Amino acid sequence: KAGVTQTPRYLIKTRGQQVTLSCSPISGHRSVSWYQQTPGQGLQFLFEYFSETQRNKGNFPGRFSGRQFSNSRSEMNVSTLELGDSALYLCASSVGGLTSYEQYFGPGTRLTVT
Amino acid sequence: AQSVTQLDSQVPVFEEAPVELRCNYSSSVSVYLFWYVQYPNQGLQLLLKYLSGSTLVKGINGFEAEFNKSQTSFHLRKPSVHISDTAEYFCAVSEVTGNQFYFGTGTSLTVIP
(Lines give C-alpha, C1' and ligand atoms only; values in the text may rest on other atoms or scores of the structure.)
Protein backbone atom coordinates (compact mmCIF):
# COMPACT_ATOMS: atom_id res chain seq x y z
CA LYS A 1 0.00 0.00 0.00
CA ALA A 2 1.42 3.38 -0.94
CA GLY A 3 2.06 5.81 1.89
CA VAL A 4 1.02 9.41 2.30
CA THR A 5 2.51 11.58 -0.41
CA GLN A 6 3.05 15.31 -0.32
CA THR A 7 3.95 17.60 -3.16
CA PRO A 8 6.06 19.52 -3.65
CA ARG A 9 8.77 18.47 -1.21
CA TYR A 10 10.45 21.87 -1.25
CA LEU A 11 9.21 25.36 -2.01
CA ILE A 12 10.76 28.82 -1.95
CA LYS A 13 8.41 31.79 -2.00
CA THR A 14 8.68 35.48 -1.30
CA ARG A 15 6.69 37.50 1.22
CA GLY A 16 3.23 38.41 0.06
CA GLN A 17 2.87 35.49 -2.32
CA GLN A 18 0.50 32.60 -1.82
CA VAL A 19 1.23 28.89 -1.92
CA THR A 20 -0.72 25.65 -2.30
CA LEU A 21 0.49 22.36 -0.88
CA SER A 22 -0.96 18.99 -1.80
CA CYS A 23 -1.45 15.79 0.18
CA SER A 24 -2.58 12.40 -1.07
CA PRO A 25 -3.64 10.09 1.77
CA ILE A 26 -3.34 6.35 1.94
CA SER A 27 -6.00 4.63 -0.12
CA GLY A 28 -9.14 4.13 1.95
CA HIS A 29 -8.27 6.84 4.47
CA ARG A 30 -10.91 9.55 4.76
CA SER A 31 -9.32 11.85 7.31
CA VAL A 32 -6.49 14.24 6.49
CA SER A 33 -4.81 16.49 9.05
CA TRP A 34 -2.27 19.24 8.51
CA TYR A 35 0.49 20.34 10.88
CA GLN A 36 3.10 23.06 10.90
CA GLN A 37 6.49 22.11 12.32
CA THR A 38 9.03 24.77 13.32
CA PRO A 39 12.10 24.57 15.57
CA GLY A 40 10.65 27.06 18.01
CA GLN A 41 7.02 25.99 18.19
CA GLY A 42 7.28 22.27 17.51
CA LEU A 43 4.31 20.60 15.85
CA GLN A 44 1.14 22.64 15.70
CA PHE A 45 -2.21 21.41 14.44
CA LEU A 46 -3.66 23.39 11.56
CA PHE A 47 -6.87 21.60 10.60
CA GLU A 48 -8.45 18.27 9.82
CA TYR A 49 -10.72 17.28 6.97
CA PHE A 50 -13.04 14.31 6.92
CA SER A 51 -15.24 13.47 3.95
CA GLU A 52 -14.63 16.86 2.34
CA THR A 53 -15.62 18.80 5.48
CA GLN A 54 -13.35 20.68 7.83
CA ARG A 55 -14.06 19.02 11.14
CA ASN A 56 -11.39 20.47 13.40
CA LYS A 57 -9.30 23.62 13.32
CA GLY A 58 -6.27 24.82 15.24
CA ASN A 59 -5.36 28.37 16.22
CA PHE A 60 -4.03 29.76 12.97
CA PRO A 61 -5.04 32.94 11.16
CA GLY A 62 -7.46 32.87 8.25
CA ARG A 63 -4.56 33.10 5.79
CA PHE A 64 -4.27 29.36 6.28
CA SER A 65 -7.03 27.42 4.57
CA GLY A 66 -7.59 24.02 3.15
CA ARG A 67 -9.95 21.76 1.35
CA GLN A 68 -10.51 18.10 0.65
CA PHE A 69 -11.69 16.53 -2.55
CA SER A 70 -14.03 13.61 -3.09
CA ASN A 71 -11.05 11.25 -3.51
CA SER A 72 -9.79 12.39 -0.05
CA ARG A 73 -6.83 14.27 -1.48
CA SER A 74 -6.32 17.52 0.36
CA GLU A 75 -4.76 20.87 -0.39
CA MET A 76 -3.58 23.55 1.97
CA ASN A 77 -3.30 27.18 0.93
CA VAL A 78 -1.42 29.98 2.61
CA SER A 79 -2.05 33.49 1.34
CA THR A 80 -0.02 36.63 1.88
CA LEU A 81 3.02 34.70 3.03
CA GLU A 82 5.07 35.99 5.97
CA LEU A 83 8.64 35.13 6.94
CA GLY A 84 7.27 33.29 9.97
CA ASP A 85 5.41 30.87 7.72
CA SER A 86 8.72 29.18 6.88
CA ALA A 87 8.28 25.66 8.22
CA LEU A 88 7.88 22.00 7.47
CA TYR A 89 4.24 21.30 6.69
CA LEU A 90 3.19 17.76 7.48
CA CYS A 91 0.10 15.97 6.36
CA ALA A 92 -1.29 12.91 8.11
CA SER A 93 -4.05 10.55 7.12
CA SER A 94 -6.11 8.10 9.10
CA VAL A 95 -8.96 5.75 8.47
CA GLY A 96 -11.52 7.68 10.43
CA GLY A 97 -11.47 10.33 13.06
CA LEU A 98 -8.72 12.41 14.54
CA THR A 99 -8.47 10.59 17.82
CA SER A 100 -7.75 7.00 18.67
CA TYR A 101 -6.78 6.00 15.16
CA GLU A 102 -3.18 5.79 14.09
CA GLN A 103 -2.13 8.72 11.96
CA TYR A 104 0.20 8.07 9.03
CA PHE A 105 2.42 11.00 8.16
CA GLY A 106 3.83 12.09 4.84
CA PRO A 107 7.43 13.29 4.41
CA GLY A 108 6.38 16.93 4.53
CA THR A 109 6.76 20.01 2.37
CA ARG A 110 9.60 22.34 3.35
CA LEU A 111 8.42 25.92 2.73
CA THR A 112 10.95 28.75 2.83
CA VAL A 113 9.67 32.32 2.68
CA THR A 114 12.25 34.98 1.78
CA ALA B 1 -6.43 23.42 26.04
CA GLN B 2 -4.08 20.57 26.51
CA SER B 3 -0.37 21.03 27.01
CA VAL B 4 2.29 18.39 26.55
CA THR B 5 5.70 18.81 28.14
CA GLN B 6 8.74 16.86 27.09
CA LEU B 7 11.16 17.61 29.86
CA ASP B 8 14.37 16.97 27.95
CA SER B 9 15.04 18.64 24.63
CA GLN B 10 18.22 16.61 24.04
CA VAL B 11 19.24 13.22 25.38
CA PRO B 12 22.67 11.76 24.57
CA VAL B 13 23.14 8.10 25.47
CA PHE B 14 25.77 5.48 24.75
CA GLU B 15 24.97 2.55 22.50
CA GLU B 16 23.44 -0.45 24.33
CA ALA B 17 22.59 1.70 27.37
CA PRO B 18 18.99 2.13 28.54
CA VAL B 19 17.09 5.35 27.88
CA GLU B 20 13.98 7.07 29.18
CA LEU B 21 12.33 10.00 27.42
CA ARG B 22 9.92 11.87 29.65
CA CYS B 23 6.49 13.21 28.77
CA ASN B 24 3.93 14.92 30.99
CA TYR B 25 0.59 16.31 29.99
CA SER B 26 -2.03 18.51 31.56
CA SER B 27 -5.56 17.24 31.49
CA SER B 28 -8.35 16.49 33.90
CA VAL B 29 -10.20 14.32 31.41
CA SER B 30 -9.54 10.95 29.82
CA VAL B 31 -6.90 11.02 27.12
CA TYR B 32 -5.29 8.96 24.42
CA LEU B 33 -1.48 9.03 24.38
CA PHE B 34 1.02 8.51 21.59
CA TRP B 35 4.74 8.47 20.91
CA TYR B 36 6.03 9.24 17.43
CA VAL B 37 9.56 9.12 16.00
CA GLN B 38 10.90 11.36 13.26
CA TYR B 39 14.06 10.49 11.36
CA PRO B 40 15.90 13.25 9.46
CA ASN B 41 14.02 14.54 6.43
CA GLN B 42 11.10 12.21 7.07
CA GLY B 43 7.60 12.43 8.46
CA LEU B 44 6.50 11.03 11.80
CA GLN B 45 6.09 7.32 12.46
CA LEU B 46 3.95 5.94 15.26
CA LEU B 47 5.98 4.08 17.88
CA LEU B 48 3.16 3.17 20.24
CA LYS B 49 -0.17 4.33 21.59
CA TYR B 50 -2.24 4.05 24.74
CA LEU B 51 -5.99 3.98 24.26
CA SER B 52 -7.18 1.97 27.26
CA GLY B 53 -6.40 -1.17 29.24
CA SER B 54 -2.95 -2.11 30.44
CA THR B 55 -0.88 0.90 31.40
CA LEU B 56 2.29 -0.66 29.99
CA VAL B 57 2.30 -0.36 26.22
CA LYS B 58 4.79 -2.04 23.92
CA GLY B 59 5.64 -0.58 20.55
CA ILE B 60 7.91 -1.11 17.60
CA ASN B 61 11.71 -1.26 17.66
CA GLY B 62 11.77 -2.49 21.29
CA PHE B 63 10.25 0.67 22.80
CA GLU B 64 7.67 0.67 25.57
CA ALA B 65 5.85 3.33 27.57
CA GLU B 66 3.94 3.42 30.81
CA PHE B 67 0.83 5.48 31.40
CA ASN B 68 0.65 6.95 34.90
CA LYS B 69 -2.68 8.66 35.39
CA SER B 70 -1.94 10.08 38.84
CA GLN B 71 1.25 11.71 37.62
CA THR B 72 -0.18 12.50 34.16
CA SER B 73 2.90 11.02 32.55
CA PHE B 74 3.67 8.75 29.63
CA HIS B 75 7.41 8.10 29.65
CA LEU B 76 9.08 6.21 26.81
CA ARG B 77 11.74 3.61 27.56
CA LYS B 78 14.09 1.26 25.78
CA PRO B 79 16.41 -1.14 27.67
CA SER B 80 19.22 -1.05 25.09
CA VAL B 81 19.52 1.58 22.36
CA HIS B 82 21.10 1.25 18.94
CA ILE B 83 22.74 3.80 16.69
CA SER B 84 19.68 3.61 14.45
CA ASP B 85 17.51 4.97 17.29
CA THR B 86 19.05 8.41 16.81
CA ALA B 87 16.05 10.57 15.92
CA GLU B 88 13.53 13.10 17.22
CA TYR B 89 10.80 11.71 19.47
CA PHE B 90 7.42 13.36 19.99
CA CYS B 91 4.82 12.73 22.64
CA ALA B 92 1.21 13.50 21.68
CA VAL B 93 -2.11 13.65 23.49
CA SER B 94 -5.72 13.81 22.46
CA GLU B 95 -8.78 13.95 24.65
CA VAL B 96 -11.12 10.98 24.37
CA THR B 97 -14.06 13.33 23.89
CA GLY B 98 -12.01 16.00 22.19
CA ASN B 99 -11.14 16.65 18.62
CA GLN B 100 -7.56 17.81 18.51
CA PHE B 101 -4.08 16.37 18.65
CA TYR B 102 -1.46 18.09 20.85
CA PHE B 103 2.25 17.42 20.40
CA GLY B 104 5.17 18.07 22.70
CA THR B 105 8.16 20.03 21.45
CA GLY B 106 10.18 16.89 20.90
CA THR B 107 13.26 15.19 22.38
CA SER B 108 16.32 14.71 20.25
CA LEU B 109 17.87 11.33 21.08
CA THR B 110 21.50 10.90 20.06
CA VAL B 111 23.06 7.46 20.44
CA ILE B 112 26.82 7.62 20.86
CA PRO B 113 28.92 4.69 19.56
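Just so it is clear: chains get the letters A, B, ... in the order the sequence lines come, proteins before strands, and each one is counted from 1. In this text the structure is predicted, and so the values were computed from the model without any measurement.
When only modelled atom types and interatomic distance are considered, A/Asn77 and A/Thr20 share a side-chain donor-acceptor pair under 3.5 Å. If you check the side chains of A/Thr14 and A/Gln17, you find a donor sitting under 3.5 Å from an acceptor. B/Thr110 and B/Gln10 share no side-chain donor-acceptor pair at under 3.5 Å.
With a threshold of 4.5 angstrom between heavy atoms, B/Gln38 approaches chain A through side-chain atoms but not through N, CA, C or O. Of the two parts of B/Tyr50, neither the backbone nor the side chain holds a non-hydrogen atom closer than 4.5 Å to a non-hydrogen atom of chain A. With a 4.5 angstrom heavy-atom cutoff, A/Arg110 does not touch chain B via any of its atoms. Neither the backbone nor the side chain of A/Gln6 comes within contact range of chain B; no heavy atom of the residue lies under 4.5 Å from a heavy atom of that chain.
Each of B/Leu44, B/Leu47, B/Leu46 was compared with B/Val37 under the side-chain contact (heavy atoms from CB on, under 4.5 Å) criterion, and only B/Leu47 meets it.
Within residues 81-90 of chain A, the residues that have a heavy atom under 4.5 Å from a heavy atom of chain B are A/Leu88, A/Leu90, listed by number.
A salt bridge links B/Glu20 with B/Arg77: at least one charged nitrogen is closer than 4.0 Å to a carboxylate oxygen.
Listed by first and then second residue, the ring-ring contact (aromatic ring centres under 6.0 Å, His included) pairs involving residues 59-82 of chain A are A/Phe60-A/Phe64 (not counting sequence neighbours).
The side-chain tip of B/Lys78 points at the ring of B/Phe63 from less than 6.0 angstrom away and within 45° of straight on.
The aromatic rings of B/Phe103 and A/Tyr35 sit perpendicular to each other, their planes meeting at more than 60°, with 30° as the lower class boundary.
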